[in-house]
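Read the structure below first, then the notes.
The first residue in the sequence is number 1, and the count goes up from there.
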Amino acid sequence: LKRSFCVDVPRSKRAARGGLRIAGGMTGGSAHRPETPTHTLETRQSFITRLTRKYFQGDVIPPTTKAQVLRAQKFSVFNHYFMTALVFVYASLIPLLLKEQQEWRELRAARRQLYGGCDWHDWKGSSASAIIVGILLSLCLLRLCIMSWDAQFYQFVVLLVTVEVLVFISVSMWWSVGVPALLVILASNLVNTVVSQAFWKMKFKITIDALQELVPPTKWDGRYDTTSVSVWDTWSHTFFEWFKLMGFRKTKSLPQLYEERCGIFSKRDEVIPHSTALKLAYEQALHPRRSIVEWQRIASETFGMICFGYWDGLLNMLISNITYAFAGLWVGKALYEKDVNNVVVECVVVSLLACLYFVSMRWTFSWLQEGLGVAVAEKEWLAHDVVRHRGEREEVTFDVLDNSKQSYSPTASARRNEREVHREAMTEEDMAFLEKGRLNLVQMWLCVATVADFIGETHLGRVFWNVSLECRSMIEALTYFEFKLYYHSKWEVVHKGTIIRMLELIMLVFMVCVHFGTFFDRGESPAAIGAFIGALCFMASMLRLSETIQYVFSILGRGKASMQRHTYVSEWIALMLMLVLFANVLIWLYLLPILKGWSLPVGCCQSPLNQDLFPGFCPKPDPAEHQDHHHDHH
């Protein structure tokens, strides 16, 4: 299951491989030392750098390194988890900040639970202050609008931070430090994400347009100086000089010697330069509706680059931030207001969210670690055009596909022993072979796209999905490598993140139901806020449902149904359908009745469970009143 792609490629005895990689930390012996993705990528990067510098002055620069999209992706992940923690911490401080304000303490209980509310009539600033702030904001926004994409990223950051700080200070001073200030933080996070995606997409496009400049245009044969300044060195060297003198020996480069072998790899991959092919593939990914490449591709599976692509990621990010904001409010109420209503439920939900936060962080960084190897695979692919030794070109092609150590595969072991090697009888080398194939160009682009989609940068993630698909078509057209079970690999990368986002959505709906049903009496719940959150959650659940159904056709409807992964995919689909159903039950059968003041359709308000979860909406009957009613009845 851990192997991403099954491969049909010709086996080769690559005798020189052990010598090529000893300096990089790999050994050619039979003992296998487990390698982490980081170690493998560092070894490959060191090897390809030495190899490219051997043939020309300078080095090959990968497009993603030049455009800095991978570096931007790494810091976007850092920013995502920082902003999530900031939203939680600030929301937990809101009860403390408002507790010091006399006017907030004088409000009635239902009004206080809004923590500043969202009513713009509460704005307390004068017209002069609004004019001054408006002028400052207009200057910053005007500068932002006239700025070109050739500017440095810090210039966009400075302008955005200036605008956001001005708005935050103005709202805190003249409106409220509660929910209005928190909404400024949420809106700022959304705006920053949109601007960041647009900026780095444009940088990537500019880099692809000038990709030929990243690969040296000329190549040269190595010349070897055989001057001898010693009268007598060794017997072997003396005989070598004599053979050269007589014309029996000629100094030949390694590429020339390789050409004299009886059998070498086919020239099929030399029909088009690799740099040109990569440029065309990336341009095709950025413009999926055009016909740019000459080889066969699956155009129907690519994403269109429309502005609507931002919506899905922003929706997920907003729901995630609101979820942690509600959790922070609950923590603040328990700490600073000493409110013990549903404190057990609050502790359980907050603890589960904390676990989800760290689990998602570990999951994201694990795939990001593999995704950062895209630059290494790009460099290996581009080096094919400048390396003259065809054996070394074979070497780097295998590295692009992470298809090394073929001689240690279970198939090779079966050929040597004339028997089938079962999984229970596999050695560490056999298990290591099953791990190979993950760090190839296509799989690593899948990892980058998954991380971008998870942190809310869906538009940029769709660019990376397209790049992965186009790289798959490019490699299959220029080499004998064949990718299989592509959608199985995509599912393996994305399925845990989808479950995490769905659990956050369910917890948000549950917290909203409990909060409105606990701290507001029937008919006093803020219907506008609840309806807005409910609508967001419903749309997000439908998007998750559509993504889940896609795997029914792309995986379960294709391939062999006897595969073990089919069982996992079918179970995951069943789990996702259950989660979507549970979320909609909370939205339509609990949240909507609480907002409208209707009786709960499940258990009504006489249910002990509903009375414990929603004491404000379903108050427990007073024992004294119940006793008087029983006495009057008698």
Side-chain angles (χ1 to χ4, degrees), residues 73 76-88 91 182-183 185-198 201 303 306-327 352-353 356-361 363-365 367-368 446-465 490-491 493-512 532-551 572 575-576 579-580 582-584 586-587:
Q73 199 63 39
S76 295
V77 173
F78 295 156
N79 177 73
H80 170 74
Y81 286 103
F82 171 76
M83 290 302 298
T84 302
L86 177 64
V87 167
F88 175 82
L182 179 62
L183 291 178
I185 298 177
L186 300 182
S188 300
N189 195 19
L190 298 179
V191 172
N192 294 341
T193 301
V194 172
V195 174
S196 175
Q197 291 182 79
K201 178 188 174 182
F303 290 100
I306 56 177
C307 294
F308 183 76
Y310 290 97
W311 163 248
D312 189 6
L314 297 180
L315 178 63
N316 291 330
M317 178 183 293
L318 185 59
I319 289 177
S320 178
N321 288 343
I322 295 176
T323 302
Y324 286 94
F326 256 97
L352 290 176
L353 272 179
L356 271 183
Y357 180 82
F358 290 106
V359 168
S360 67
M361 183 182 295
W363 174 83
T364 305
F365 281 109
W367 288 121
L368 179 63
L446 280 178
C447 296
V448 178
T450 300
V451 172
D453 184 73
F454 183 79
I455 64 175
E457 297 183 350
T458 306
H459 186 73
L460 204 56
R462 291 182 176 181
V463 174
F464 299 152
W465 290 123
K490 182 178 178 181
W491 170 84
V493 176
V494 306
H495 73 281
K496 292 182 180 178
T498 307
I499 293 176
I500 290 173
R501 286 300 187 219
M502 200 63 213
L503 290 176
E504 287 180 350
L505 186 150
I506 290 175
M507 289 187 182
L508 174 59
V509 180
F510 179 75
M511 284 191 295
V512 172
F532 176 73
I533 297 176
L536 291 180
C537 293
F538 173 72
M539 288 186 289
S541 67
M542 292 298 101
L543 289 174
R544 297 287 82 78
L545 179 62
S546 63
E547 293 175 4
T548 302
I549 294 177
Q550 290 177 4
Y551 290 101
W572 173 81
L575 175 62
M576 286 299 300
L579 293 178
V580 170
F582 185 59
N584 280 272
L586 290 176
I587 293 173

Tell me which pairs pass salt bridge (Lys or Arg N to Asp or Glu O under 4.0 Å) where either residue lies in residues 188-197, with sequence neighbours left out.
none

So which atom in Ala449 and which in Gly461 form the shortest heavy-atom distance, rounded to 0.1 Å?
CB-O, 3.6 Å

Keeping Asn189 on the side-chain end and Ile185 on the backbone end, is there a donor-acceptor pair under 3.5 Å?
no

Pair Met83-Leu86, side chain to side chain contact (heavy atoms under 4.5 Å, CB included): steps then yes or no
CA-CA 5 Å; Met83 290 302 298; Leu86 177 64; 4.1 Å; yes

Distance, nearest 0.5 Å, that separates CZ of Phe326 from CE of Met507
15.0 Å

Point-to-point distance, once rounded to the nearest 0.5 Å, from CD1 of Ile319 to CD of Glu504
9.5 Å

Shortest non-hydrogen separation from Leu505 to Ala540 and the atoms involved
CD1-CB, 3.4 Å

Taking the six-membered ring for Trp, are Tyr310 and His459 parallel (under 30°), tilted (30 to 60°) or perpendicular (over 60°)?
parallel

Which value, rounded to the nearest 0.5 Å, describes the distance between Ile533 atom CD1 and Leu318 atom CG?
9.0 Å

To the closest 0.5 Å, what do you measure between CZ (Phe464) and CG (Leu446)?
12.5 Å

Determine whether a donor-acceptor pair (N or O, by modelled atom type, separation under 3.5 Å) exists between the side chain of Thr548 and the backbone of Arg544.
yes

Compare all side-chain heavy atoms of Trp572 with those of Ile499 and state whether any distance is below 4.5 angstrom.
yes

Validation row, ring centre Phe454 to ring centre Trp367 under 6.0 Å:
no

Looking at the rings of Tyr81 and Phe358, which for Trp means the six-membered one, are their centres under 6.0 Å apart?
no

Tell me, with the steps shown, if Thr450 and Trp363 meet side chain to side chain contact (heavy atoms under 4.5 Å, CB included).
CA-CA 11 Å; Thr450 300; Trp363 174 83; 3.6 Å; yes

Applying side chain to side chain contact (heavy atoms under 4.5 Å, CB included), run through Gln73 and Ile455 and close with a yes or a no.
CA-CA 10 Å; Gln73 199 63 39; Ile455 64 175; 3.6 Å; yes

To the nearest 0.5 Å, what is the distance between CG (Asn321) and CG (Leu190)?
7.0 Å

Evaluate the criterion side chain to side chain donor-acceptor pair (under 3.5 Å) for residue pair Glu547 and Thr498; output intermediate values, then yes/no.
CA-CA 9 Å; Glu547 293 175 4; Thr498 307; 4.6 Å; no

List the atom of Gly456, the atom of Thr193, and the distance in Å for their closest heavy-atom pair.
O-CG2, 3.9 Å

Option among Asn584, Ile506, Val509, Leu579 that satisfies the side-chain contact (heavy atoms from CB on, under 4.5 Å) test with Ser541:
Asn584

Inter- and intrachain pairs under salt bridge (Lys or Arg N to Asp or Glu O under 4.0 Å), touching residues 77-88, at least two apart
none

Work out which heavy atom in Val493 is nearest to a heavy atom in Cys447; give both atom names and the distance.
CG1-CA, 4.2 Å

Is the number of heavy atoms from other residues, nucleotides or ligands under 6.0 Å of Phe82 CZ greater than 12?
no

For Ala327 against Met511, the heavy-atom pair lying closest together
N-SD, 4.0 Å

Residues in side chain to side chain donor-acceptor pair (under 3.5 Å) contact with Thr84, at least two apart in sequence or another chain:
none

Please name the pair of heavy atoms, one in Val580 and one in Met542, separated by the smallest distance, quoted to 0.1 Å.
CG1-CE, 4.2 Å

Are the side chains of Leu536 and Leu508 in contact, using a 4.5 Å heavy-atom criterion?
no

Determine whether Tyr551 and Met576 satisfy the following criterion, side chain to side chain contact (heavy atoms under 4.5 Å, CB included), listing intermediate values before the conclusion.
CA-CA 12 Å; Tyr551 290 101; Met576 286 299 300; over 6 Å; no

If you count the non-hydrogen atoms of other residues, nucleotides and ligands that lie under 6.0 Å from CZ in Phe303, is the total more than 12?
yes

Between the CE atom in Met317 and the CG atom in Leu186, the distance rounded to the nearest 0.5 Å is 10.5 Å

